[in-house]
Amino acid sequence: MTNTVAIGIQWGDEGKGKIVDLLAPKMDVVARFQGGPNAGHTLVIGDQKTVLNHIPSGILHENILSLIGNGTVVDPFRLVEELDMLLKAGIPVNERLRISDRCQLILPYHRALDAAREAAKGKGKIGTTGRGIGPCYEDKTARRGIRLVDLISDDLDARIDENLKYVNFMLVEFLGAEAVKKEDVVEALDLARERLLPLAADVPLILHENIKAGKNILYEGAQGSMLDVDHGTYPFVTSSNTVSGAALAGLGVGPKEVHEVLGICKAYTTRVGAGPFPTELYNADGMCDDKNAGKHMAEKGQEFGATTGRPRRTGWFDAVVVQHAVRINGVTGLAITKLDVLDGLEEVKLCVGYERNGERLQSIPACAKALEECIPVYETLAGWSDSTFGLKDITQLPDAAKALLKRIEEVCECPITMLSTGPDRDHICHL
Ligand code: GDP
Ligand code: IMO
Ligand code: MG
């Protein structure tokens, strides 16, 4: 039995969906433990592309149980859309999926607050996905959240009235936005009662039974370590813990039930939304490096958000970020994705340290402003012109690509155990 946590260790969109879908056949259970519809995990099988927001990336496989844990936040409208998309594609999702009855529901007022707060912040906005994630986690911690199990509780209507009183005061009086109508909230609750409640389950019990039976479990993260609410580039982060440790609390399993931690990262770096990004080369606001390497990454890597369609910012591989992630997650192996995107670059760079105020830093500063001031220290390696797209045999890689991977392993002090060379399920080198 091997239970693995698979997480993103940069700023999200590292290719978690692809890697989880690929590992799923070796697993019996795939479980999401945090985040919600801010996630967009892409699965490519031949000419068919599937983007998942809440549902674990093992869902396309037969005989695999998919679980959504208590640490996630679920939007009834979006999750039902996702269920319908899979049902239309012939996936018996109602048989394969169970949702923790302790999941928090994202309701229309969470989305309204998310939008109104971002608008009020103007230039200083976080650049959230607008999915109501922050306000929903806020309500959870403030103990006024509505969970799946609450849909059958007697006091639900009174709690909604109380929440609306507070939220609408905030929206109208403080943020200058429109009030949320109760009927819209009721519509979301009715939909959740009709379509999600039948899938509700005691997820810790299901996991416990599977663990007892010696089954393999894959814990699928969302976002990435640099977006973790504690360990990321605060306040430019999401509102949940995205690190491997969150798998335990977000599903209700103990620390002995994790054996491997797979850290998924691109062979370069991307970020979507605002916040510090030391190795940034290119963004849609007009920033572009003189050799066009960042533009090459954005174009060849098709770097547009899977959830929001927003263009992603791009830059060189940042080993300081990955070293930090290896430490805080206990990463046992790296899955490097999108190596093929670097094909055709004359040279590739690796950020191996930061300098700030003339001093070399040992690790990432906690303060976002200090991180903004960091200047990357680069090692420059030779690029390669041959195509690595779709390669499955590591020995066929160009020498320069092998040298880059070796250097990543050395600097990050972690072995690379998987290498992805294209979006398709088949585009993989096992190492
Ligand atoms: P996730 O959020 O971590 O699951 O990643 P996303 O799905 O948001 O973004 C990753 C994008 O890169 C998707 O469009 C994938 O199909 C694509 N992708 C994943 N691995 C590779 C790879 O090795 N090479 C290329 N060219 N594309 C990849
Ligand atoms: P996956 O799972 C990339 C970013 C947003 C914003 C910040 C806060 O596909 O890797 P939020 O809506 O969560 O309050 O936004 O976090 N963000 C992501 N960036 N991939 C994601 O998910 C993300 N989920 C949130 O862009 O900067
Ligand atoms: Mg994504």
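Both counts, for ligands and for their atoms, begin at 1 and track the order of listing.
Less than 4.0 angstrom separates some heavy atom of W11 from each of these atoms of ligand 2: 3 (C), 19 (N). Remark: ligand 1 atoms within the under-4.0 Å shell around heavy atoms of E14 are 3 (O), 5 (O). Near A39, meaning under 4.0 Å from one of its heavy atoms, ligand 2 places the atoms 1 (P), 2 (O), 9 (O), 22 (O). In summary, the atoms of ligand 2 found under 4.0 Å from a heavy atom of R310, numbered by their order in the structure, are 5 (C), 26 (O). Remark: ligand 2 atoms within the under-4.0 Å shell around heavy atoms of L227 are 4 (C), 16 (O), 17 (N), 18 (C), 19 (N). Atoms of ligand 2 found under 4.0 Å from any heavy atom of V272, numbered from 1 in the order shown, are 3 (C), 5 (C), 19 (N), 26 (O), 27 (O). If you number the atoms of ligand 2 from 1 as listed, the ones under 4.0 Å from a heavy atom of K16 come out as 1 (P), 2 (O), 10 (O).
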- [ ] Evaluate side chain to side chain donor-acceptor pair (under 3.5 Å) for N241 paired with D230, printing each intermediate quantity in order.
- [x] CA-CA 7 Å; N241 282 115; D230 288 297; 2.9 Å; yes
Open item on the list: Before you tell me yes or no, could you show the steps for D343 and S385 under side chain to side chain donor-acceptor pair (under 3.5 Å), namely the whole-Å CA-CA distance, both residues' side-chain angles and the distance that decides it to 0.1 Å?
Closed with: CA-CA 6 Å; D343 294 353; S385 52; over 6 Å; no
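Here R312 has side-chain heavy atoms under 4.0 Å from ligand 1, and that is the only part of it that gets that close. Both the backbone and the side chain of K16 come within 4.0 Å of ligand 1, counting heavy atoms alone. Residue-level proximity to ligand 2 for H41 is carried by the side chain, the only part with a heavy atom below 4.0 angstrom. Contact annotation for T421 and ligand 1: only backbone heavy atoms (N, CA, C, O) come within less than 4.0 Å of the ligand.
In terms of protein heavy atoms, atom 24 (N) of ligand 1 is closest to D340 OD1, 2.8 Å. T42 OG1, 2.5 Å is the protein heavy atom nearest to atom 7 (O) of ligand 1. Residue, atom and distance of the protein heavy atom nearest to atom 27 (N) of ligand 1 are K338 CE, 3.4 Å.
Comparing A222, G127, G273 by heavy-atom distance to atom 6 (C) of ligand 2, the nearest is G127. Atom 7 (C) of ligand 2 has its nearest heavy-atom neighbour, among V237, T129, V73, in V237.
A donor atom on one side chain and an acceptor atom on the other are found under 3.5 Å apart for T308 and R310.
Checked by atom type and distance alone, the side chain of R102 never pairs as donor or acceptor with a backbone atom of L251 at under 3.5 Å. Checking side-chain atoms of R356 against main-chain N and O of C374 turns up no donor-acceptor pair under 3.5 Å. Of the possible donor and acceptor atoms, none in the side chain of Q223 sits under 3.5 Å from a partner among the backbone N and O of D228. No side-chain donor-acceptor contact under 3.5 Å links N329 to the backbone of V331.
Taking a 4.0 Å cut-off on heavy atoms, Q223 registers as neighbouring ligand 2. Heavy atoms of G8 stay at 4.0 angstrom or farther from ligand 2.
V180 approaches Y109 most closely through the heavy-atom pair CG2-CA, 3.8 Å.
With respect to the salt-bridge test (charged N to carboxylate O, under 4.0 angstrom), the residues R111 and D75 qualify. Ion pairing between a basic and an acidic side chain is recognised when a charged N comes within 4.0 Å of a carboxylate O; E299 and K295 show such pairing. Using a cutoff of 4.0 Å between basic side-chain nitrogens and carboxylate oxygens, E138 and R117 are scored as salt-bridged. E379 and R407 are joined by a salt bridge, as a carboxylate oxygen and a charged side-chain nitrogen come within less than 4.0 angstrom of each other.
Here's the thing with T238: one of its N/O atoms is less than 3.5 angstrom from an N/O atom of ligand 2. Ligand 2 has a nitrogen or oxygen under 3.5 angstrom from a nitrogen or oxygen of D13. Polar contact check, T337 against ligand 1: no nitrogen or oxygen pair lies under 3.5 Å apart. Residue I133 has no nitrogen or oxygen atom sitting less than 3.5 Å from a nitrogen or oxygen atom of ligand 2, judged on distance alone.
Within D13, the N/O/S atom positioned nearest the Mg ion (ligand 3) carries the name OD1.
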